[in-house]
Novice: 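My questions will all concern the structure given below.
Just so you know, residue 1 is the first one in the sequence shown, and it goes up from there. None of these values were measured; they are calculated from a predicted model.
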Amino acid sequence: MELQFLIRKALEEDLGSGDITTNALVDPRDQATAEICAKQELVLAGLDVAKEVFATLDSHLVWKLVKKDGDIIKKGECVATVQGATVTLLKGERTALNFLQHLSGVATLTRQFVNKIEGTNAKILDTRKTLPGWRTLEKYAVRMGGGGNHRAGLFDRYLIKNNHIAHAGSVSEAIEKVLRQKIQGMLVEVEVQNKKELQEALKYPIDIILLDNFLPDQIREAI
């Protein structure tokens, strides 16, 4: 439902009252085959979304998927072909590619970070810093790039940050207030910015401590 809403809004934004150029030049009976190919090496994400964009315009298009989301695509490789009415292909191509390019970009960048930490126990997680309306899709793209998802929003775990600590007066005050009202089963995280805050946080039964702006040597010293 969320995806369909986003696709329809994107198509409405692009098409408006209609594709006047295509309508003037292309016979509605014309048929064509389009190839979706990579201009650079990338990690693919969003292929099913691109397919859904075209299906929203015309459910009779014929698709051949050569690759799948999560695959590493070499420059010049094609990931899919789509056959059907030329007018549909021209009207939907930019919206479909906008989804596909953006999500593949997120997946590709994520994979670069994942590769950098290969062989360690570290894991790349995303944040809530997503485009409005795109959170589910962008977090999906992170997974396709080999990363993991942090919280989905403000509702699915406690995360005590610097603003909360400043408002409460201290790390201890903030944690104690949260623990007094904690919903059963919800994780509690606290983000600390120095050794003093870390030592305060370690006194409490919280699930995760995030070290903000700590350098490796500072982490070893603090722990």
Novice: Do E191 and H164 make a side-chain contact, defined as non-hydrogen atoms from C-beta onward lying under 4.5 Å apart?
Specialist: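 Side-chain contact under 4.5 Å: no.
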Novice: Working to the nearest 0.5 angstrom, can you tell me the gap between D156 CG and H150 NE2?
Specialist: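 One gets 8.5 Å once the value is rounded to the nearest 0.5 Å.
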Novice: Measure the shortest side-chain to side-chain distance between L154 and R128 over non-hydrogen atoms and say whether it is less than 4.5 angstrom.
Specialist: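 SC-SC contact between L154 and R128 confirmed.
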Novice: Do L198 and I165 land in one hydrophobic cluster if side-chain heavy atoms of ILVMFWY residues count as linked below 4.5 Å?
Specialist: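 Linked, L198 and I165 end up in one cluster.
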Novice: Would you mind telling me which of I7, L47, L6 makes a side-chain contact (heavy atoms from CB on, under 4.5 Å) with E52?
Specialist: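 With E52 as partner, I7, L47, L6 yield a single side-chain contact (heavy atoms from CB on, under 4.5 Å), made by I7.
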Novice: Check the hydrophobic clustering (I, L, V, M, F, W, Y; side-chain heavy atoms under 4.5 Å; chains of links allowed) and say if V190 and V188 are grouped together.
Specialist: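 Linked, V190 and V188 end up in one cluster.
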Novice: About how many Å separate OH of Y158 and CG of L179, when rounded to the nearest 0.5 Å?
Specialist: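 It is 9.0 Å, given to the nearest 0.5 Å.
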Novice: Quick one: closest heavy-atom pair of T86 and A32, and the distance?
Specialist: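 Scanning both residues completely, I find the closest heavy atoms to be OG1-CB, 3.4 Å.
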Novice: Could you go step by step and tell me if L159 and L210 meet the side-chain contact (heavy atoms from CB on, under 4.5 Å) rule?
Specialist: CA-CA 9 Å; L159 176 47; L210 304 175; 3.6 Å; yes
Novice: Is a side-chain N or O of T81 found less than 3.5 angstrom from the main chain of A34, in a donor-acceptor match?
Specialist: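 Looks like no, no N/O pair under 3.5 Å.
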Novice: If I compare all heavy atoms of R180 with all of K177, which pair ends up nearest, and what's the gap?
Specialist: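 Shortest heavy-atom contact: NH2-CG, 3.3 Å.
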Novice: Can you see whether R111 engages N115 through a side-chain donor-acceptor pair at a distance of less than 3.5 angstrom?
Specialist: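 Looking only at side-chain atoms, N115 and R111 do not form any donor-acceptor pair under 3.5 Å.
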Novice: Please find the pair of heavy atoms, one from G46 and one from Y140, that lie closest to each other, and give the distance.
Specialist: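 Looks like N-CE2, 4.2 Å.
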Novice: Count I, L, V, M, F, W, Y as connected when their side-chain heavy atoms are under 4.5 Å apart, and connections chain through other members. Are V178 and M186 then in the same cluster?
Specialist: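 Yes; M186 is reachable from V178 via cluster members.
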Novice: Given side chains that start at C-beta, do those of K91 and N23 come closer than 4.5 Å, heavy atoms only?
Specialist: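 Sidechains of N23 and K91: in contact.
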Novice: Look at the side-chain heavy atoms of Ile, Leu, Val, Met, Phe, Trp and Tyr, link any pair under 4.5 Å apart, and say whether F113 and M144 land in one connected group.
Specialist: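 In one cluster with F113: M144, no.
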Novice: Take atom NZ in K68; do more than 12 heavy atoms of anything else shown fall under 6.0 Å from it?
Specialist: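 It does not: K68 NZ has 12 such atoms or fewer within range.
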Novice: So, taking the atom named CG in D69 and the one named CZ in R143, what distance separates them when rounded to the nearest 0.5 Å?
Specialist: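 With rounding to 0.5 Å, CG (D69) is 10.5 Å from CZ (R143).
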Novice: Just wondering, do V43 and D71 contact through their side chains at under 4.5 Å, heavy atoms?
Specialist: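 No, their side chains stay 4.5 Å or more apart.
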Novice: side-chain contact (heavy atoms from CB on, under 4.5 Å), that's the test. Do L57 and L15 meet it? Break it down for me.
Specialist: CA-CA 11 Å; L57 293 170; L15 288 171; 3.9 Å; yes
Novice: Over 60° means perpendicular and under 30° means parallel, so classify the ring planes of F99 and W134, tilted if in between.
Specialist: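 Aromatic pair W134/F99 classed parallel.
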Novice: Within a radius of less than 6.0 Å around CG of L131, do more than 12 heavy atoms belonging to other residues, nucleotides or ligands occur?
Specialist: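 Yes, CG of L131 has more than 12 neighbouring heavy atoms, counting only those of other groups under 6.0 Å.
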Novice: As a quick check of understanding, evaluate side-chain contact (heavy atoms from CB on, under 4.5 Å) for V192 and L211, giving each step before the final call.
Specialist: CA-CA 5 Å; V192 299; L211 307 180; 3.7 Å; yes
Novice: Are side-chain heavy atoms of E41 and I72 found at a separation under 4.5 Å?
Specialist: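 Yes - at least one pair of side-chain heavy atoms lies under 4.5 Å apart.
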Novice: Check whether V66 and L44 end up in the same hydrophobic cluster, where Ile, Leu, Val, Met, Phe, Trp and Tyr are linked by side-chain heavy atoms less than 4.5 Å apart.
Specialist: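 No: no chain of side-chain contacts under 4.5 Å links V66 to L44.
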Novice: Is the shortest distance from a Lys or Arg side-chain nitrogen in E13 or K9 to a carboxylate oxygen in the other one below 4.0 Å?
Specialist: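 Result for this pair is no, no salt bridge flagged.
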Novice: So, do V49 and L100 sit near enough that their side-chain heavy atoms are less than 4.5 Å apart?
Specialist: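 No, every pair of side-chain atoms sits at 4.5 Å or beyond.
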Novice: Quick check: closest heavy atoms across T110 and V106, and the distance to 0.1 Å?
Specialist: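 That closest heavy-atom pairing would be OG1-O, 2.7 Å.
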Novice: Could you give the distance from CG (D19) to CZ (R94), rounded to the nearest 0.5 Å?
Specialist: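 The CZ atom of R94 is 13.0 Å from CG of D19, to the nearest 0.5 Å.
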Novice: Between atom CG of D212 and atom CG of N162, what is the distance when rounded to the nearest 0.5 Å?
Specialist: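 D212 atom CG to N162 atom CG measures 7.0 Å (nearest 0.5 Å).
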Novice: For the atom pair CG (L103) and CG (L137), what is the distance rounded to the nearest 0.5 Å?
Specialist: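 That separation rounds to 5.5 Å.
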Novice: Counting distance only, does the side-chain N/O of K74 pair as donor-acceptor with the main-chain N or O of A38 below 3.5 Å?
Specialist: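 Not confirmed, K74 side chain does not pair with A38 backbone.
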Novice: D58 and A85: which non-hydrogen atoms are nearest, and at how many Å?
Specialist: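 So the two residues come closest at OD2-CB, 4.3 Å.
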Novice: Are any of the side-chain heavy atoms of H102 and E138 separated by less than 4.5 Å?
Specialist: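 Of all side-chain heavy-atom pairs linking E138 with H102, at least one is under 4.5 Å.
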Novice: Can you find a pair of side-chain heavy atoms, one from Q112 and one from L109, that are under 4.5 Å apart?
Specialist: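 They are in side-chain contact.
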Novice: What verdict does the salt bridge (Lys or Arg N to Asp or Glu O under 4.0 Å) test give for K196 and E200, after you've listed the backbone C-alpha separation in whole Å, the side-chain angles of each residue and the deciding distance to 0.1 Å?
Specialist: CA-CA 6 Å; K196 179 179 178 296; E200 255 187 279; 3.3 Å; yes
Novice: Keeping E77 on the side-chain end and I73 on the backbone end, is there a donor-acceptor pair under 3.5 Å?
Specialist: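 A pair under 3.5 Å: no.
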Novice: Heavy atoms only: give me the nearest A80-W63 pair and the separation to one decimal.
Specialist: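 Smallest heavy-atom distance, with atoms named: CB-CZ3, 3.9 Å.
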